[in-house]
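Just below is one structure, and these are the notes that go with it.
In the text below, chain A, chain B and the rest are named by the order of the sequence lines, each starting its count at 1.
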Number of protein chains: 2
Amino acid sequence: MATPSPRGDIPPRPKVAVMEDVAELAGVSAMTVSRVLNAPEKVRPETRARVLAAVQELGYRPNSAARVLVTGRSGVLGVVSFDTTQYGPASTLYAIERAARQNEYSVSIASLDALNRRSIAEGVGRLIAQSVDGVIIVAPHESATDGLRHLPPDLPVVAVDAGEGVPFPVVMVDQHAGAARATRHLLSLGHRTVWHLSGPANWVDASARVAGWRSVLEAEGREVRKPLVGDWSARSGHELGRILAGEPDLSAVFVANDQMALGLLRALREAGRRVPEDVSVVGFDDIPEAAYFWPPLTTVRQDFATVGRLAFQLALDRIDGVRGERRLKVEPELVVRESAGVRGG
Amino acid sequence: MATPSPRGDIPPRPKVAVMEDVAELAGVSAMTVSRVLNAPEKVRPETRARVLAAVQELGYRPNSAARVLVTGRSGVLGVVSFDTTQYGPASTLYAIERAARQNEYSVSIASLDALNRRSIAEGVGRLIAQSVDGVIIVAPHESATDGLRHLPPDLPVVAVDAGEGVPFPVVMVDQHAGAARATRHLLSLGHRTVWHLSGPANWVDASARVAGWRSVLEAEGREVRKPLVGDWSARSGHELGRILAGEPDLSAVFVANDQMALGLLRALREAGRRVPEDVSVVGFDDIPEAAYFWPPLTTVRQDFATVGRLAFQLALDRIDGVRGERRLKVEPELVVRESAGVRGG
DNA sequence: GGGATTTGTGTTATCGCAAACACTCTGGGC
DNA sequence: GCCCAGAGTGTTTGCGATAACACAAATCCC
């Protein structure tokens, strides 16, 4: 029934080869071709060779849509994320994609314009509509956490950097520990207390860093100055830095990320306060440029690659039916450079 | 035939609703449901309302695999890219995703570990296997350009920043013009000539920037010093900067990107050469941090968002059958800050 | 008022693949 | 020599949607 038309001259459309074509060329049934592709050990070697040769000759590629339709599995993982132009999310995404590729998965993305329940649900919806096998959500905002509670319960979901109380696995850098480490480092250099330039409200990592910083100061009985709230940008670091620069007793600042730290460094310099001699600064993230700031920035390195890898692994487990609500924490690492020195050094 | 088993007690699996279920609930045929979803104007308003209510009630979502199978269109665009942790590629990808979303497309990514023909072909292959409708290649390397010549000819492909001679549309920032603009700016400040820290060999934008820089110097009859070749990183900028800092007649440098410029600034400072008083520096990209370098970096802004948008549009055109081998150039813009000043200023 | 549209809906076939089951051998045990 | 196991392959069916066609009722034309 391949050419049912009574008229002879059908323009030979350049159709791509399908399984039946391969079967015909190899002199077997379509089912055998399917087996060669999915369970080669069930086919006699010589048959297999004939089929593979035919596949090669026709440049045959299985049609994924048909396969998805019948198997219910797409081999696609969805990633929902916010602002992938930032180093952190971009690195996480990249690591997820790498891990996925190594496991024969591919990655489809859904960027968010805003971080709120509606937006998250909508992003996940776009991915579900594509028949993804699972979803990783990289949206470290509390409103996201909220939205995550109302997702299809049977969908394998993993979150990166989500807050407490979400009903599925979460992978995160231990922000609290990282902030504590940075703060302790500054105290150990002799500073009486440490100021904080924080990330925006309701971002889970911003809050965790505030908490980590605060916990160390309180444990040591140091004065806790109210954090100045920025928006992750160098611009905000600069603006807040101008305020900080006016504080006569300022000697150490823990900044919520490296971009804001850059802005702060500039503000301090403009105010004539030397770093690290007059003021010590510690950042967070260890972006590749941090080592080339002036002075080279002491900061807390987040291993985004590991986070991405783990998130993928957890997602894969969920897809394969492994349950559990694990929270995986990745340890951050303090990278000591030159922006923090001994008090009055 | 929904429950063919003679035994009554089949555990009611939580199957998702399909079109037939919606049809039944609304008291119409599946075809009518399909029409409500795809061509609502062809259905009487009251019928439409009943169907939509049923869709709502069952939480029905069309199965994309089935739709792809029959329509041959997936609504997915593939993006092949290299190193999306960098600001440029990440921004481009983000803009593509945005544009895609606004046109009811979604985006699947294929990151590359290496830039060569095999790798590119393999990345495209992964996307094709997913039935993408088209592919955008963001891989500004000459080996890529080479690999691009050997792709399935019927696949809608658009390249970002590809070299000459690829057989499909290309969107790019006019790197040559941008470099020329930067160079002219430095000359206009009274510098006798301009040195160049270039990007790595065989990157099309690196080459174009070298060419733009050289063309201005030659046109003005200035001495052309051999460019120092870096790898886009701040580290390489710093290393090469140490070499440059030893050049007594150095007074102006055009750097191939902002990260390298950051490294150079640091090297110059370490060598005791003030910027911009002793040496003027101009970068390329205008990353968000550039305004907060010390001194604030004069640089050439690339409008990645526009590039991404245009690339998507071109891809969409191709998918819709519009042919042509257009090359779209986006004009870069010189952003004057403080790192470049008058000679001997 | 009778045929020609038009409008709204249903029926059937099909997309490309794999699951389930059926069949044909081959070889081995007794 | 018969039965059986299992390896290897084929046939049928169905995944969930839409295209193409079929058809009934409403609307139109002169």
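Look at T32(A) and you'll find a side-chain N or O under 4.0 angstrom from OP1 or OP2 of dG10(D). Contact annotation: T47(B) side-chain N/O to dT9(C) OP1/OP2 distance is under 4.0 Å.
Side chain of S74(B) to main chain of V68(B): no donor-acceptor pair is present (N/O by atom type, distance under 3.5 Å, no hydrogens or angles). Remark: side-chain polar atoms of R50(B) are paired, donor with acceptor, to backbone N or O of A26(B) under 3.5 angstrom.
What you find for V157(B) and P169(B) is that their closest heavy atoms are O-CD, 3.6 Å. When all heavy atoms of R327(B) and A162(B) are compared, the pair lying nearest together is NH2-O, 3.1 Å.
The CZ atom of F304(A) sits 15.5 Å away from the OH atom of Y94(A) when rounded to the nearest 0.5 Å.
Side-chain atoms of I109(B) and V79(A), non-hydrogen and from C-beta on, never get closer than 4.5 Å to each other. Within the 4.5 Å cutoff, side-chain heavy atoms of Y60(A) are placed close to those of M19(A).
Other residues, nucleotides and ligands contribute over 12 non-hydrogen atoms within 6.0 Å of the CD atom of Q102(B).
As a whole-Å value, the separation of E41(A) CD from dG8(D) P is 10 Å. Regarding R73(A), its CZ atom lies at a distance of 17 Å from the C1' atom of dC15(D), rounded to whole Å. The CZ-C1' distance, from R50(B) to dT9(C), rounds to 11 Å in whole Å.
Residue V68(B) is out of contact with every strand shown, counting any heavy-atom pair closer than 4.0 Å.
Taking five base pairs at each end of the helix from dG1(C)-dC30(D) to dC30(C)-dG1(D), the local helix axes there meet at an angle of 40°, rounded to 10°.
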(request) Going 5' to 3' through nucleotides 15-27 of chain C, assign each nucleotide B (protein heavy atom under 4.0 Å from a base atom), S (under 4.0 Å only from sugar-phosphate atoms) or - (no protein heavy atom that close). (result) BBBSBB-------
